[in-house]
Amino acid sequence: MKVLVIGNGGREHALAWKLAQSPIINQVFVAPGNAGTYREPKVQNIDISPLQFEKLTDFVKQQQIDFTVIGPEAPLVAGIVDYFEAKNLLCFGPSSKGAMLEGSKVYSKDFMQRHGIPTAKAAVFTDLEAAERYLEKSKYPVVIKADGLASGKGVVIVHDKESAHLALYEILAQKRFGEAGNQVIIEDFIQGEELSFIVICDGEHYIPMASSQDHKARDDGDKGPNTGGMGAYSPAPLLTETLHDKICRQVIEPTLKGLAEDGIPYKGFLYAGLMISPEGDINVLEYNCRFGDPETQPILMRLKSDFAQLCLDALHQKLDTYQIQWDAQVALGVVLAANGYPDNPHLGDTCLTLNDIPPGESYKIFHAGTKIEEGRIVISGGRVLCVTALGDSVQDAQAKAYRLVKKVAWDSVFYRNDIGFKAISARSENA
Ligand code: GLY
């Protein structure tokens with residue numbers, strides 16, 4: 001079989017790498033891919049962008065590709081799955097209506113409120129003055145969110161009135177996130193620990209993926225500005241069996257039922273970004289209509305089942321009989337970013353040392369913002385690599401990942417030194 005993966009990040013490298021391991025897959029194409037997918041056996045990059053739907057479907061027909069897996073949110077929100085399906089092509093991901101759960105935070109807040117899904121109290125504004133009046137009466141911190149897609153940067157937690165007014169002004173008046181900031185949500189801040197709960201859905205059934213947590217803040221100690229994610233690990237010790245069941249009952253099932261009631265059967269990965277309070281209460285912070293990045297990298301390192309068969313069974317609505325299997329080891333991924341990430345990443349350095357790292361069973365260097373130029377690997381995006389390792393414990397996986405990080409680091413690299421620290425302190429508290 002042949003499969004096409006859409007996207008060029010670390011998530012898509014992991015998707016392509018895992019699909020290529022399947023005995024039923026002969027060839028994986030990635031559009032457009034990165035230097036990591038370029039170097040991967042059985043994988044070929046295609047120079048077509050994720051939003052060029054017509055070129056993509058022409059390519060799929062010409063190459064007789066059996067099915068397509070969509071990585072990022074932008075093509076999903078823009079309707080890539082609807083476009084492929086209108087041409088009778090198998091495409092794994094939600095329809096544009098399903099992707100609205102991520103495409104519009106105003107829509108998803110309304111959806112959660114209508115379907116009784118736990119989420120923080122919030123108000124929606126298009127008018128700056130009305131929003132400013134609301135901020136005068138708010139209790140701090142508050143969370144300000146741009147409505148539309150903003151590459152993971154559209155959410156700001158503000159601790160005082162002055163920074164709240166500034167953030168609001170930047171979004172609504174200065175259009176920091178363009179059209180995505182035409183509406184804002186001002187939301188109560190909820191204390192707790194974040195958890196990523198990702199499920200694969202076939203329109204009727206779902207299977208939870210292995211649990212994971214990511215570190216969204218740029219700096220050690222979970223400080224600094226929000227990013228797309230500076231590292232992640234799986235499993236998440238926070239997720240007990242009881243909490244797992246509660247999340248399925250209170251969030252996943254009502255979400256899928258609510259979508260079906262709204263006439264939107266959901267097929268694809270569904271990511272619920274959750275806040276778990278110290279008392280174990282659950283609140284949905286956001287939905288994503290795709291697999292997480294960088295969560296995909298450690299999660300797929302632990303997947304023992306055939307990933308291509310899993311996607312095919314989801315496409316054919318057969319997840320109710322699929323038995324998913326996970327490696328019991330811990331996987332931990334550290335993101336290596338270009339200096340200046342997330343606001344102003346310095347691009348153009350070359351990663352020189354990657355050829356010295358032989359392939360290994362217990363680690364993997366996933367590429368994100370890299371491309372091949374004149375035979376060299378050149379940095380082309382803020383998040384550059386995700387160095388991921390398996391270990392017997394979080395400490396073990398962390399030590400292995402950081403040993404490898406030191407080997408591949410370049411002069412102006414930026415990375416956090418403490419990925420997994422919460423999992424390590426949770427383990428020692430529970431010991
Ligand atoms: N790691 C957060 C995300 O994928 O949006």
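Numbering of ligands and ligand atoms starts at 1, following listing order. In this text, all values refer to a predicted model and were calculated from it rather than measured experimentally.
With ligand atoms numbered from 1 in the order given, ligand 1 contributes 4 (O) to contacts under 4.0 Å with heavy atoms of Gly292. Each of the atoms 1 (N), 2 (C), 4 (O) of ligand 1 lies under 4.0 Å from some heavy atom of Glu295. Every atom of ligand 1 with a heavy atom of Gly228 under 4.0 Å away is listed here by number and element: 1 (N), 2 (C). Near Lys216, with a cut-off below 4.0 Å to any heavy atom, the atoms of ligand 1 are 2 (C). Near Asp214, with a cut-off below 4.0 Å to any heavy atom, the atoms of ligand 1 are 1 (N), 2 (C).
A salt bridge does not link Lys42 to Glu40: none of the charged side-chain nitrogens sits closer than 4.0 Å to a carboxylate oxygen.
Smallest separation of non-hydrogen atoms from Tyr271 and Asp214: OH-OD2, 4.3 Å. For Lys105 against Ala146, the heavy-atom pair with the smallest separation is CD-O, 3.5 Å.
Using cut-offs of 30° and 60° on the angle between ring planes, the pair His215 and Tyr233 is tilted. Classification of the Phe29-Phe59 ring pair by plane angle, with boundaries at 30° and 60°, yields perpendicular. Ring orientation note: the planes of Phe189 and His159 are tilted relative to one another, at an angle of 30° to 60°.
Note on ligand 1: Phe291 sits outside its first shell, no heavy atom being nearer than 4.0 Å.
Heavy-atom proximity to atom 5 (O) of ligand 1, evaluated over Glu194, His215, Arg290, is greatest for Arg290.
Of the polar atoms of Asp293, at least one N or O is found under 3.5 Å from an N or O of ligand 1, judged by distance alone.
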